[in-house]
There are 2 protein chains.
Amino acid sequence: MYPQDKKTYEKLMDCAEKIFAEKGYDKASVREITAAANVNLASIHYHFGSKENLLQELLNRKLEWLNQQRLIALKTLENKSKNKPLKPSQILEAFFGTLLDMLDEKNYGGEMFLRLLGRSTLEPNCLISSISSGKNNAVTEKFRDALFKALPNVPKNEIVWRFHFMVGATSYAISGSGLNKLFVTAEVSEDKSVSKKLLKKRLMSFLLGGLRSPMNSFLIGNK
Amino acid sequence: MYPQDKKTYEKLMDCAEKIFAEKGYDKASVREITAAANVNLASIHYHFGSKENLLQELLNRKLEWLNQQRLIALKTLENKSKNKPLKPSQILEAFFGTLLDMLDEKNYGGEMFLRLLGRSTLEPNCLISSISSGKNNAVTEKFRDALFKALPNVPKNEIVWRFHFMVGATSYAISGSGLNKLFVTAEVSEDKSVSKKLLKKRLMSFLLGGLRSPMNSFLIGNK
DNA sequence: GTCTATATCATGATAGAC
DNA sequence: GTCTATCATGATATAGAC
């Protein structure tokens with residue numbers, strides 16, 4: 001079944017990624033994963049300690065890669081426009097656009113990652129570490145600061161909140177299942193391939209509108 | 001422990017709601033729920049058929065109540081402003097404001113509901129029915145149509161997508177765990193009680209901005 | 001150090017007595 | 001409707017082979 005030359009650790013990572021993507025974390029059993037990888041049942045415990053830890057490793061691996069891409073995109077932008085502050089749309093492109101591009105990845109990698117990331121934000125007391133880990137926060141802060149510079153007239157507090165809202169809209173929009181669920185009404189449907197292509201444009205337009213939404217006096221009054 | 005006069009069915013619903021909210025669906029065991037309710041282990045199977053079904057019942061109960069409130073709010077608005085089209089902000093208030101107000105509910109009801117609802121949108125092949133059930137779709141469509149009227153110049157397709165994005169931003173913003181996770185940086189933090197009060201204002205402002213975001217030519221060109 | 005075979009323990013589900 | 005007993009499946013732990 002599986003190429004024999006790969007190490008057990010790698011086999012498990014690969015198979016787990018695929019099976020998690022297909023069935024979700026809960027319904028993917030340790031037995032199924034080890035069987036698919038042609039390794040012993042106990043190897044997950046040996047290499048990762050637990051099923052949860054295996055998921056952690058997968059998320060961390062993806063997250064690190066994603067954040068690298070994000071930083072590269074940001075650096076590129078900053079190099080191009082010497083000194084001049086970046087436009088909000090450019091910053092969003094580097095942060096969320098890079099994430100959205102993962103959807104096109106092969107091997108379910110992108111979709112699984114995004115779904116499981118979403119799950120980890122919803123389940124209490126679970127999987128927090130991969131998100132609030134130092135590296136990830138560092139990247140988030142870089143983009144946060146870029147937004148501060150790009151929108152000097154907006155209170156920093158508000159920017160942080162709106163960043164948060166943007167992450168939410170993106171996570172949800174991206175979760176494969178969510179997409180077709182809420183609005184399956186025929187009248188407004190369009191060709192699916194068209195929808196997929198337009199998703200990024202549409203979401204970015206929405207995020208930008210939310211980010212730059214005028215602030216009412218109440219919010220400003222409260223700093 | 002538990003008041004003896006309540007029926008088993010009610011006891012289970014109440015305890016399950018609380019325990020699901022605290023630990024999440026997976027980590028709440030049938031044994032723990034039945035123990036807390038002072039009923040027999042097998043009663044969940046008898047009354048609900050399965051643990052999943054119990055969750056379904058909980059979600060449906062909440063969802064129906066929520067949607068009733070939403071319809072009432074919408075009707076009230078439509079009665080007040082005879083014939084004149086509603087403002088988008090009013091429609092959002094009726095739909096998302098009503099949802100956000102559930103956060104103040106006692107007994108974890110609101111938070112659990114929102115978290116589990118979020119989960120159900122992220123897990124594949126799971127719990128779809130409560131969301132795409134007929135009643136819920138009917139309510140969603142009412143609000144969708146209200147937005148169509150309120151924004152006659154925006155293509156219907158775009159409104160539907162933006163509605164979708166708004167749901168995502170709201171779900172995420174509301175999920176108790178998500179709130180403190182992403183941005184725990186000290187510099188931008190403010191008093192937590194203040195944050196909680198302002199959440200609704202902030203989110204509504206963001207949603208409104210996203211909903212009314214100008215459309216770039218690319219999107220319009222593709223209808 | 002790496003992997004395997006096997007044992008343990010918790011969980012959801014269920015059958016059948018009362 | 002409620003109970004006890006039991007099953008099937010899952011994750012995890014351990015002992016020991018290579």
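Because the structure is predicted, anything quoted here is derived from the model rather than measured. Each chain gets a letter, A, B and so on, in the order the sequences are listed, and its residues count up from 1.
The side chain of B/His47 lies closest to D/dG1 when the candidates are D/dT12, C/dG12, D/dG1. The B/Tyr46 side chain lies nearest to D/dT2 when the options are D/dA5, C/dG1, D/dT2. In this structure, the nucleotide among C/dT4, D/dT12, D/dT4 sitting nearest to the side chain of A/His45 is D/dT12.
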ring-ring contact (aromatic ring centres under 6.0 Å, His included) assessment of B/Tyr9 paired with B/Phe48: CA-CA 9 Å; B/Tyr9 182 92; B/Phe48 300 94; 4.9 Å; yes
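Here B/Glu22 does not pair with B/Lys27 in a salt bridge; the nearest charged N to carboxylate O distance is not below 4.0 Å. At a threshold of 4.0 Å, the pair A/Glu93-A/Lys200 counts as salt-bridged, since one of the basic side-chain nitrogens sits closer than that to a carboxylate oxygen.
With rounding to whole Å, B/Leu12 atom CG is found 12 Å from D/dG1 atom P. Atom pair A/Phe48:CZ and D/dT12:C1' shows a separation of 15 Å (rounding to whole Å applied). Rounding to whole angstrom units, CG of residue B/Leu54 and P of C/dA13 are separated by 10 Å. The CD atom of B/Glu32 sits 13 Å away from the C1' atom of C/dA10 (whole-angstrom rounding). What separates CG of B/Asp26 from P of D/dT9 is a distance of 20 Å, to the nearest Å. Here the C1' atom of nucleotide C/dC9 and the CG atom of A/Leu41 are 14 Å apart, to the nearest Å. If you take NZ of B/Lys51 and C1' of D/dG10, they are 13 Å apart, rounded to a whole angstrom. For the pair A/Ile33 CD1 and D/dT9 C1', the computed distance is 15 Å after rounding to whole Å.
Looking at every heavy atom in both residues, A/Ala94 comes nearest to A/Ala73 through CB-CB, 3.7 Å. Closest heavy-atom contact between A/Leu54 and A/Ala16: CD2-CB, 3.7 Å.
Counting any heavy atom pair closer than 4.0 Å across all strands shown, B/Ser43 reaches no nucleic acid atom. Nucleic acid contact for B/Ile44: none, since no nucleic acid atom lies under 4.0 Å from a heavy atom of the residue.
For D/dA11, the base has a donor-acceptor partner in the side chain of A/Arg31 [N/O atoms by modelled type, under 3.5 angstrom].
A sub-4.0 Å separation between OP1 or OP2 of C/dT2 and a side-chain N or O of A/Thr8 is absent. The side chain of A/Asn40 places an N or O atom within less than 4.0 Å of a non-bridging phosphate oxygen (OP1 or OP2) of C/dA5.
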